[in-house]
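Notes for the one structure printed next.
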4 protein chains.
Amino acid sequence: MTTKNQEEKRSWKQDPEAVQRDILAVAVTEFAEHGLSGARVDRIAARTRTSKRMIYYYFGDKLGLYTRALEVSYQKVREGEASLELDHLPPAAALERLVAFTFDHHRNNPDFIRMVMIENIHQAEALAASKTIRDLNVAAIEKLKDICNRGEAEGVFRAGLDPVALHWQISAASFFNVSNRPTFSVLFGAEVFSETSQARLREQTVEAILAIAKQK
Amino acid sequence: MTTKNQEEKRSWKQDPEAVQRDILAVAVTEFAEHGLSGARVDRIAARTRTSKRMIYYYFGDKLGLYTRALEVSYQKVREGEASLELDHLPPAAALERLVAFTFDHHRNNPDFIRMVMIENIHQAEALAASKTIRDLNVAAIEKLKDICNRGEAEGVFRAGLDPVALHWQISAASFFNVSNRPTFSVLFGAEVFSETSQARLREQTVEAILAIAKQK
Amino acid sequence: MTTKNQEEKRSWKQDPEAVQRDILAVAVTEFAEHGLSGARVDRIAARTRTSKRMIYYYFGDKLGLYTRALEVSYQKVREGEASLELDHLPPAAALERLVAFTFDHHRNNPDFIRMVMIENIHQAEALAASKTIRDLNVAAIEKLKDICNRGEAEGVFRAGLDPVALHWQISAASFFNVSNRPTFSVLFGAEVFSETSQARLREQTVEAILAIAKQK
Amino acid sequence: MTTKNQEEKRSWKQDPEAVQRDILAVAVTEFAEHGLSGARVDRIAARTRTSKRMIYYYFGDKLGLYTRALEVSYQKVREGEASLELDHLPPAAALERLVAFTFDHHRNNPDFIRMVMIENIHQAEALAASKTIRDLNVAAIEKLKDICNRGEAEGVFRAGLDPVALHWQISAASFFNVSNRPTFSVLFGAEVFSETSQARLREQTVEAILAIAKQK
DNA sequence: TATGAATGAGGCTTCATTCAT
DNA sequence: AATGAATGAAGCCTCATTCAT
C-alpha cells in the first residue's frame with residue numbers, strides 16, 4: 001500500500017532474470033521429484049514468489065520450462081566440475097582423481113541425476129533439442145581425452161583407449177549409485193549406501209577404471 | 001457381429017487369468033514407455049481385448065495395476081535368469097558367465113530396465129510394498145553368494161567378498177548401459193551402442209568385475 | 001468340500017426367506033446410515049452371507065430393496081408398539097403412557113427414524129407405493145382415536161379433538177429428538193441429550209400434550 | 001454469438017463474488033432436493049451461468065460446495081430472523097411471537113429444512129467443521145435466553161428455565177411440520193397441512209410452549 | 001435356487017493453458 | 001512487465017446392473 005512497500009516489491013519484480021532464476025530453481029526441484037508428467041505447474045507456481053502466469057510468460061509452456069530446467073541442471077553440474085584441476089597431474093593420478101570426484105559429485109547432486117533419469121525416460125528428446133547442453137558435454141569429454149592422450153604418450157595407458165568408453169565406465173558406477181539407490185536399498189538393504197561401504201565402492205571403482213586404462 | 005465372432009470373444013472371456021495377463025502385458029509396455037503419471041489407463045484399455053472397466057475390476061486402481069506390472073516385470077526377468085546353470089562351473093568361470101549374461105539380459109529387456117528406472121523416480125514405494133519382488137531378489141543374490149563362497153574356498157577370490165557389493169558392480173554397468181542410452185547417445189554419439197563397441201564394453205566389464213573379485 | 005460342509009451350507013441356503021431376511025437386515029442398516037443414493041449395493045452384499053447377485057434375484061433393483069427395507073422398518077416398529085396395553089387405562093393415563101412410550105421408543109429405534117428421514121427427503125415416494133405401510137399406520141392412529149373418544153365421552157378431554165393433530169404433536173417431539181440430534185448437539189451442546197435432560201424433556205412433552213387434550 | 005451477447009456475458013464475468021453466489025444458489029436447490037450423494041455436480045453446473053470447472057475453481061470439491069451451501073442456508077435463515085423485534089415486548093408476548101414466527105419461517109423455507117435434514121443424515125459432519133454456522137446459532141439462542149431472563153425476573157415464567165430446552169421444543173414442532181410432511185401426508189392425509197389446520201397447529205404449539213414456560 | 005465374471009454409463013476431479021486487462 | 005479470472009479437454013474411478021452358466 002505504502003510507496004515504501006511498492007518499492008520493495010518492485011525491487012525484485014523489475015528484475016526479470018531474478019524472477020526466472022526463482023522459477024527455475026523451484027522447477028528443477030519439482031521435476032526432479034515428480035518427473036515430467038508428474039510435475040505440477042500449479043505446485044511450481046505456489047513455491048515461487050511469482051504467479052503461474054509468469055511461468056507461461058517466460059517459458060511458454062510446461063515443456064519449455066522443463067527444457068530450461070534441464071539445461072540449468074547440466075550447467076550447474078558442469079560448473080562444479082570446472083573446479084577440477086587435472087592438467088598438472090600425471091595421467092594415472094588425474095584419472096584416479098576424476099573418477100573419485102565424479103563418484104562423489106554425483107552423490108552430492110541427486111537432483112541432477114534424477115533430471116537425467118527423467119530425460120532418459122523421455123528418450124532424451126529435450127536434450128536432443130538443446131544445443132547448450134551438447135556443447136557443455138563436449139567440453140567435459142575433452143578433459144578425459146586429454147588424460148588418455150597423455151597417458152598413452154607416456155606409455156602408462158594402453159594404446160587405443162576410447163575416452164567415450166572410459167566415460168561410460170566412470171558414469172555407469174557413479175550414476176547407478178545414485179539413480180538406483182531406492183530400489184537397491186529395498187531389495188538388498190541400505191548397507192551399501194553407508195559411508196564406509198560407499199568409500200570402498202568408490203575405491204573399487206577407481207581401481208577398476210584404472211585397470212581398464214592400464215589393461216593388457 | 002457374426003456368430004463366429006461372438007464365439008471367439010467368448011472363447012477367452014470367462015477366463016479371468018487370461019484377461020489379467022492380457023491387461024498386464026499391455027500395462028507393462030505403457031508404464032515402461034510413459035512412466036506412472038504419464039501412462040494413460042484409457043490407452044492401456046484400448047490396446048487390450050477387454051474394457052477399461054475390467055482394469056479397475058481386477059486391479060483396483062492405476063497404482064494397483066502399476067504395482068502388479070512391476071511385479072510381473074521382475075518375475076519375468078528373474079525367470080530368465082533361472083536358465084543359467086552356474087553350479088557346475090568353476091567360480092571364476094561362473095562369475096564371468098553371470099556378468100556377461102546380466103549385461104546381455106538387461107540389453108534384451110529394456111522395458112524391465114525402464115520399469116525399474118520409473119520405480120526409482122518414485123522412491124521404490126511400490127517395490128517396498130511388494131513382498132513378492134523382495135523374495136525374488138533374495139533368491140537372485142543367493143546365486144552370487146554361492147559363487148563367492150566357492151571362490152574364496154578355492155582361493156581364487158579374495159577373502160571377505162561382499163556379494164551385494166559385487167551385485168552392485170555388475171548391475172551398475174549392465175543397467176546404466178540400457179537406462180542411459182538415450183542421453184548418452186545424444187551427448188557422446190551412438191557409437192558406444194554399436195554391436196562391436198557393446199561387445200568390448202561387455203568384455204571390459206567382465207574383466208573389471210573379475211579383477212575386483214580376484215583383487216589383491 | 002466334504003459332504004458335511006455342503007450340507008451345512010445348504011441348510012440356510014435352501015431357505016430363501018432366511019436369505020432375504022439376512023439381506024434386509026443389512027440393507028436397513030446401510031440405507032439408514034447412508035441414505036438411498038449414498039447406500040452401496042456392494043457394501044450391502046459384502047455384509048451379507050450371500051452374494052450381490054442374490055439381491056437382484058430377490059429384490060429386482062436397488063429401489064426395490066430400499067422399499068422392502070422401509071417396509072420392514074415400519075413393521076418392526078409397529079410390532080414394538082403392539083405390546084402397549086392402553087384399553088384398560090383411563091384416557092388421560094392412556095395418553096400419558098402413549099406419549100412417554102413413543103418418546104422412548106423413537107429414541108431406541110434410531111435406524112427407523114433415519115429411514116423415515118430419508119424417505120421424507122425422497123418425498124415419500126416409496127412409502128406412497130407401499131400399501132403395507134399405510135395399513136400399518138391406519139391401525140396406529142385407531143388406538144389414539146379410541147383414547148380421544150373415551151376422553152371426550154368422560155369429559156376429561158375437550159370436544160373436537162383431532163387424533164391426527166394429536167399424533168402430529170406427539171411425533172414432532174419424539175421424532176425431532178432423534179432425527180436432529182446431530183445438528184442440535186453441534187450447535188447447542190449435547191447436554192440436552194443426557195439422561196436427566198431427556199427425562200425432563202419427555203415429562204415436559206407429556207404435560208404439553210395432555211394440556212392440549214384437556215385444553216380450554 | 002452476437003456482440004451483444006458477448007457484452008452481456010462479460011458484464012457479469014470478472015465478478016468472482018457474483019459467480020460464486022450464482023453457483024451457491026443453484027447448489028442449495030440441488031443439494032436440498034437430492035441430498036449430498038444424490039446431488040450431481042453436472043446438474044448444478046448446467047443450471048449455472050458458469051461451467052463445471054468454476055465450481056471446482058471456487059469450492060474445491062463437491063463437499064466443499066456442499067459445506068458452503070449449508071452455511072449460506074443457515075445465514076439466510078438467521079438473517080430472516082434478525083428482522084424480529086422482541087426487545088420491546090413483554091416476555092410472554094415476545095415468546096409467543098417468537099414461536100409463531102419460527103413456525104411460519106420454517107414453513108416458508110423448506111430448502112433450509114431439507115439441508116438440515118440432509119446434514120443430520122450425515123451426522124452433522126460439515127456443520128461441525130463450520131465455525132461460521134456455530135457462531136450464527138449462538139446468537140440465535142441469546143435472544144431466547146434474554147426472553148427467559150426477563151420472564152423470570154418479572155415472575156411470569158417459572159424459575160430455572162433452560163433456553164436450550166425451550167429452543168428444542170420450539171424447533172421440534174416447527175421443524176417436524178416441514179421435514180415430515182411427505183410421509184405424514186401419505187400416512188395420515190394432507191389435511192393437517194391445510195391452511196386452517198396449520199393455523200390451529202401453530203396456535204396449539206404456541207400455547208404448549210407458553211404452558212411450559214409458565215409451568216407450575 | 002444360485003453365481004462368478006463382466007460392463008455401459010456416468011460420476012467427480014485435475015490438468016495445462018488462455019483471456020482480458 | 002505483470003496478473004487474477006477463467007476454461008476445454010481429458011483424467012481416474014464408481015455405480016447399479018446384466019451375462020452366461
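Proteins get letters first, then strands, A, B, ... in listed order; numbering begins at 1 in each.
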Quiz prompt | Which residue lies more 5' along DNA chain E, comparing S51(C) with S51(B) via nearest heavy atoms | solution = S51(C)

Practice problem: Quickly work out the D42(A) CG to dG4(F) C1' distance and round it to whole Å. | Solution: 13 Å

Quiz prompt | G60(C) vs S37(B), nearer the 5' end of DNA chain F by closest nucleotide | solution = S37(B)

Quiz item: So which nucleotide does dC19(E) pair with, by the Watson-Crick or G-U wobble rule with both distances under 3.5 Å?
Solution: dG4(F)

Exercise. Round to a whole Å and report the spacing from OH of Y58(A) to P of dT17(E).
Key: 19 Å

Quiz item: Could you give the OH-to-P distance, from Y56(A) to dA5(F), as a whole number of Å?
Solution: 18 Å

Exercise. Report the distance from atom CZ of F59(B) to atom C1' of dC13(F), rounded to the nearest whole Å.
Key: 16 Å

Quiz item: For DNA chain E, whose closest nucleotide is more 5', that of Y57(B) or that of R43(A)?
Solution: Y57(B)

Quiz prompt | Pairing partner (Watson-Crick or G-U wobble, both distances under 3.5 angstrom) of dC12(F) | solution = dG11(E)

Self-check item: Side chain to side chain, Q20(C) and R68(C), heavy atoms closer than 4.5 Å
Solution: no

Quiz item: Between dA16(F) atom C1' and I55(C) atom CD1, what is the distance in whole Å?
Solution: 11 Å

Practice problem: Indicate yes or no: at least one non-hydrogen side-chain atom of Y74(C) is less than 4.5 angstrom from one of V116(C). | Solution: yes

Practice problem: Choose from dA16(E), dT1(E), dG11(E) the nucleotide whose nearest atom is closest to any side-chain atom of R40(D). | Solution: dG11(E)

Quiz item: Nearest-Å distance, CZ (R53(D)) to P (dT13(E))?
Solution: 12 Å

Self-check item: Shortest non-hydrogen separation from I44(A) to A27(A) and the atoms involved
Solution: CD1-CA, 4.1 Å

Quiz item: Of the nucleotides dC12(F), dT3(E), dA6(F), which has the atom closest to the M54(C) side chain?
Solution: dT3(E)

Quiz prompt | Interatomic distance where CD1 belongs to I44(C) and C1' belongs to dT17(F) [whole Å] | solution = 14 Å

Self-check item: Rounded distance in Å - CZ (R49(B)) to P (dT7(E))
Solution: 12 Å

Practice problem: Examine the side chains of E119(A) and Y66(A) and answer whether a donor and an acceptor come within less than 3.5 Å of each other. | Solution: yes

Exercise. Name the residue closer to the 5' end of DNA chain F, choosing between K62(C) and K52(D) according to the nucleotide with the nearest heavy atom.
Key: K52(D)

Quiz item: Between V28(B), D22(B), I23(B), L24(B), which is the residue that forms a side chain to side chain contact (heavy atoms under 4.5 Å, CB included) with V26(B)?
Solution: D22(B)

Quiz item: How is A45(B) classified with respect to the nucleic acid when contacts are heavy atoms under 4.0 Å: base, sugar-phosphate, or nothing?
Solution: nothing

